[in-house]
Chemist: 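Handing you this structure, nothing more for now.
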Amino acid sequence: MRSITRQKDISEIAACTESFERLYILGCGTCATVTETGGVGQVQRMRDEMQQRGKWVTGWAVLPTACDEMAEIDLRKTGDALSYAECVLVMACALGVQRIGAYVGRPAVPALDTMFIGLEQAPGHFEEVCRQCGQCILGETAGICPVTACHKGLLNGPCGGTDGGKCEVDPDRDCAYTLIYQRLEERDQLHLMHRYRPPRDHHVMLVPRMADLNREVGDEP
Amino acid sequence: MTSRLQQTLKKGEFAVTCEIGPPKGTDTCKMEEHIDMLSGQVHAMNITDNQSSVMRLSSLAGCLAIQERGGEPILQMTCRDRNRLALQGDLLFAGVRGITNVLCLTGDSVVTGDHPQAMGVFDLDSVQLLRVIEGMHRGVDAAGNSLTGDIGFYPGAVVTPGADPLQPQLIKFAQKVEAGAQFFQTQAVFDLDLLDAFMSRVRKHEVGVLAGILLLTSYRMARFVDQNLPGINVPDSLLQRMKQTSRADQRSVGVDIAAGLVSAIRENSLCDGVHIMAINAEESVLDILKSAGL
């Protein structure tokens with residue numbers, strides 16, 4: 001599982017940091033390194049870019065895992081360079097931005113947009129396979145999630161836009177329900193295709209969702 | 001109240017419906033002109049609901065205009081733009097104003113339209129929307145709360161006979177029937193053998209099926225439809241016929257093609273009726289009907 005990120009346009013990063021002279025740049029050694037958005041190379045390039053734009057980069061580091069609670073211990077090792085900066089430019093996913101922001105007590109500005117949680121299906125190719133909807137139906141859909149894989153997130157079969165087993169919005173994308181149909185047929189489970197699925201319960205948990213191991217999952221805090 | 005469309009299909013008469021696109025803006029003159037031109041010629045008229053995800057005057061507003069002018073509307077409701085609260089609120093409004101025919105659609109993707117940054121809602125899908133209507137008939141809303149007053153809709157749905165693969169589409173057809181759909185309008189068909197084969201698969205369901213007839217207004221449009229619209233295949237012979245006609249005459253050839261399809265469907269009892277889609281060319285519906293002897 002990876003948090004998939006994409007670097008923001010440099011003009012947006014410049015606008016978010018325009019009131020600061022001294023920046024510290026943090027990358028992440030886990031997801032953002034794999035997606036080549038917040039690894040050592042990208043952080044160093046960002047340092048060069050910021051310096052060219054007249055910023056004083058007091059230092060940089062790539063934390064092993066920016067969202068982990070151990071990030072606090074790693075941050076202590078950064079010493080004066082971090083404490084001298086007015087803001088931290090974070091090249092990690094939004095989890096990392098929030099974790100770091102809570103520790104540094106100064107603005108933590110995201111340099112990346114967090115796109116989705118995905119699997120690396122081929123080297124360098126990431127796909128979203130779960131939307132964390134809280135009502136998993138993979139057991140009825142041959143292990144293919146239509147909430148994620150169908151462009152419209154339909155629960156009861158395909159729309160009329162199936163074109164040669166591809167999705168109408170993009171000929172390179174498979175129609176989720178064609179895949180589900182084929183796999184259910186292979187497994188002699190086509191009866192599941194006929195099963196009515198009622199509207200989703202968007203109130204499985206109140207947003208923001210929380211889980212506490214000391215309570216039943218789903219209990220209101 | 002039983003709608004004229006319902007009565008027609010119940011009596012086994014050949015039903016004819018057509019489609020009117022509402023304006024992008026508040027100038028309703030052209031829409032009203034089309035309504036007046038066609039209301040005496042067809043059993044009912046659809047007002048499209050932000051068709052192809054292009055923002056326009058709402059289907060409800062257009063349906064009221066049809067009613068005020070003495071015609072019978074078919075309210076199109078897509079699941080793309082409204083959540084279950086908004087859909088139900090609009091259904092209640094339609095019920096209050098005596099709009100009976102409701103066509104339930106999933107809706108095109110927002111990315112195909114003129115507001116591609118918008119959120120595609122899809123809180124319900126077409127099958128779920130049909131079931132919501134079924135619940136309203138029993139006096140309850142989607143959450144099971146009771147509703148005051150009576151509601152009686154004539155719910156319909158859509159199907160794509162040329163979908164590839166077809167089997168999942170047939171399962172969805174059965175799901176829609178089970179959810180209460182009583183009539184179907186199909187995606188445009190040009191190949192009558194394909195339509196015949198499709199009908200032989202769905203005849204067992206006791207619902208009215210209206211074949212979608214799309215007016216090809218030019219060779220360019222015919223080619224675009226053939227190449228870009230999922231589930232619609234324009235046979236080569238028709239494409240060639242359009243291509244070999246001068247541009248000025250292509251629309252009348254399109255009318256001939258559409259009228260020929262309508263006649264053949266009627267004479268061979270392939271379907272229970274037709275649904276004519278003359279996008280941005282509503283006035284040609286009259287020519288199609290005349291040429292088809294209706």
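Numbered from 1 within each chain, the chains take letters A, B, ... in sequence-line order.
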Chemist: Could you please state which residues from residues 113-145 of chain A sit under 4.5 angstrom from chain B, measuring non-hydrogen atom to non-hydrogen atom, sorted by number, or 'none'?
Modeler: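 No residue falls under the 4.5 Å cut-off.
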
Chemist: Select one option (side chain, backbone, both, neither) describing which atoms of A:Pro158 are under 4.5 Å from chain B's heavy atoms.
Modeler: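 Both backbone and side chain of A:Pro158 come within 4.5 Å of chain B.
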
Chemist: Could you check whether any side-chain N or O of A:Tyr177 sits under 3.5 Å from a backbone N or O of A:Leu155, counting only pairs where one atom can act as donor and the other as acceptor?
Modeler: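 Such a contact is found between A:Tyr177 side chain and A:Leu155 backbone.
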
Chemist: Show, in sequence, the C-alpha distance, side-chain angles and deciding distance for A:Met205 and A:Met210, and conclude whether the side-chain contact (heavy atoms from CB on, under 4.5 Å) test is met.
Modeler: CA-CA 8 Å; A:Met205 279 194 210; A:Met210 296 173 197; 6.0 Å; no

Chemist: Hey, which of B:Ala163, B:Gly107, B:Ala142, B:Pro165 has the most heavy atom pairs under 4.5 Å with chain A?
Modeler: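 Looking at each of B:Ala163, B:Gly107, B:Ala142, B:Pro165 in turn, B:Pro165 comes out on top.
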
Chemist: So, A:Glu168 and A:Lys152, do they make that salt bridge, N to O below 4.0 Å?
Modeler: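 Salt bridge between A:Glu168 and A:Lys152, a charged N being under 4.0 Å from a carboxylate O: yes.
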
Chemist: Pairing donors with acceptors under 3.5 angstrom, does anything connect the side chains of B:Ser53 and B:Asp108?
Modeler: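 No, no side-chain donor-acceptor contact under 3.5 Å.
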
Chemist: Under a plain distance cut-off of 3.5 Å, with no hydrogens placed, do A:Thr5 and A:Thr37 share a side-chain donor-acceptor pair?
Modeler: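 Yes.
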
Chemist: Looking at A:Asp163, A:Leu190, A:Val169, which makes the most heavy-atom pairs under 4.5 Å with chain B?
Modeler: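 If we count pairs closer than 4.5 Å to chain B, A:Asp163 comes out on top.
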
Chemist: Under 4.5 Å heavy-atom distance to chain B, tell me which part of A:His194 shows up: side chain, backbone, both or neither.
Modeler: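 It is both, since atoms from each part get that close.
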
Chemist: Which residues, numbered in order, of residues 196-203 of chain B come under 4.5 angstrom of chain A by heavy-atom distance?
Modeler: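 So far as heavy atoms go, nothing in residues 196-203 of chain B approaches chain A to under 4.5 Å.
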
Chemist: For the candidates B:Gln167, B:Gln175, B:Lys176, which exhibits the highest count of non-hydrogen atom pairs separated by less than 4.5 Å from chain A?
Modeler: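 Max contact count across the listed options: B:Gln175.
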
Chemist: Is it the case that the side chain of B:Glu19 and the backbone of B:Asn46 share a donor-acceptor pair, with hydrogens and angles ignored and the cut-off at 3.5 Å?
Modeler: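 The answer is no, because no donor-acceptor pair under 3.5 Å joins these two groups.
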
Chemist: Is it true that a side-chain atom of A:Glu86 and a backbone atom of A:Phe20 form a donor plus acceptor pair closer than 3.5 Å?
Modeler: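 Here the side-chain-to-backbone pair does not exist.
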
Chemist: Give a yes or no on this: more than 12 heavy atoms of other residues, nucleotides or ligands lie within 6.0 Å of atom CG of B:Asn145.
Modeler: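 Atom CG in B:Asn145 is crowded, with more than 12 foreign heavy atoms closer than 6.0 Å.
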
Chemist: Quick one: what part of B:Gln187 sits under 4.5 Å from any heavy atom of chain A, side chain, backbone, both or neither?
Modeler: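 For B:Gln187, no heavy atom lies under 4.5 Å from chain A.
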
Chemist: May I have the step-by-step check of side-chain contact (heavy atoms from CB on, under 4.5 Å) for B:Leu215 and B:Thr217, ending in yes or no?
Modeler: CA-CA 6 Å; B:Leu215 171 67; B:Thr217 51; 3.8 Å; yes

Chemist: Taking CG in A:Asp188 as the centre, count heavy atoms belonging to other residues, nucleotides or ligands within less than 6.0 Å. Is the count above 12?
Modeler: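 No, the 6.0 Å shell around CG holds no more than 12 heavy atoms from other groups.
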
Chemist: Measure from the side-chain N and O atoms of B:His115 to the backbone N and O of B:Val110, and report whether any donor-acceptor pair falls under 3.5 Å.
Modeler: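 Not confirmed, B:His115 side chain does not pair with B:Val110 backbone.
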
Chemist: Answer with side chain, backbone, both or neither: which region of B:Ser109 has an atom nearer than 4.5 Å to a non-hydrogen atom of chain A?
Modeler: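 For B:Ser109, the contact with chain A is made by backbone and side chain together.
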
Chemist: Working note: A:Tyr103 + A:Val88, criterion side-chain contact (heavy atoms from CB on, under 4.5 Å); need CA distance, chi angles, decisive distance, verdict.
Modeler: CA-CA 11 Å; A:Tyr103 288 139; A:Val88 184; over 6 Å; no

Chemist: For A:Cys28 and A:Ala66, work out which heavy atoms get closest and say how close.
Modeler: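 So the two residues come closest at SG-N, 3.4 Å.
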
Chemist: Residues of residues 220-239 of chain B under 4.5 Å from chain A (heavy atom pairs)?
Modeler: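 The list, in residue order, reads B:Pro230, B:Gly231.
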
Chemist: Pair A:Val204, A:Arg209 - check side-chain contact (heavy atoms from CB on, under 4.5 Å), show working.
Modeler: CA-CA 9 Å; A:Val204 171; A:Arg209 295 179 280 193; over 6 Å; no

Chemist: With sequence neighbours left out, what residues match A:Tyr181 under ring-ring contact (aromatic ring centres under 6.0 Å, His included)?
Modeler: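 Counting only residues at least two positions away or on another chain, A:Tyr181 forms no ring-ring contact (aromatic ring centres under 6.0 Å, His included).
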
Chemist: Going by an N to O cut-off under 4.0 Å, is there a salt bridge joining A:Arg53 and A:Glu49?
Modeler: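 Yes, charged N to carboxylate O under 4.0 Å.
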
Chemist: Side chain, backbone, both or neither: which part of B:Arg84 has an atom under 4.5 Å from a heavy atom of chain A?
Modeler: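 Side chain only.
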
Chemist: Any ion pair linking B:Arg82 and B:Asp49 (charged N to carboxylate O, less than 4.0 Å)?
Modeler: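 So B:Asp49 pairs with B:Arg82 through a salt bridge.
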
Chemist: Give the member of B:Asp123, B:Leu105, B:Thr112 that has the highest number of heavy-atom pairs under 4.5 Å with chain A.
Modeler: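 Highest number of heavy-atom pairs under 4.5 Å: B:Asp123.
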
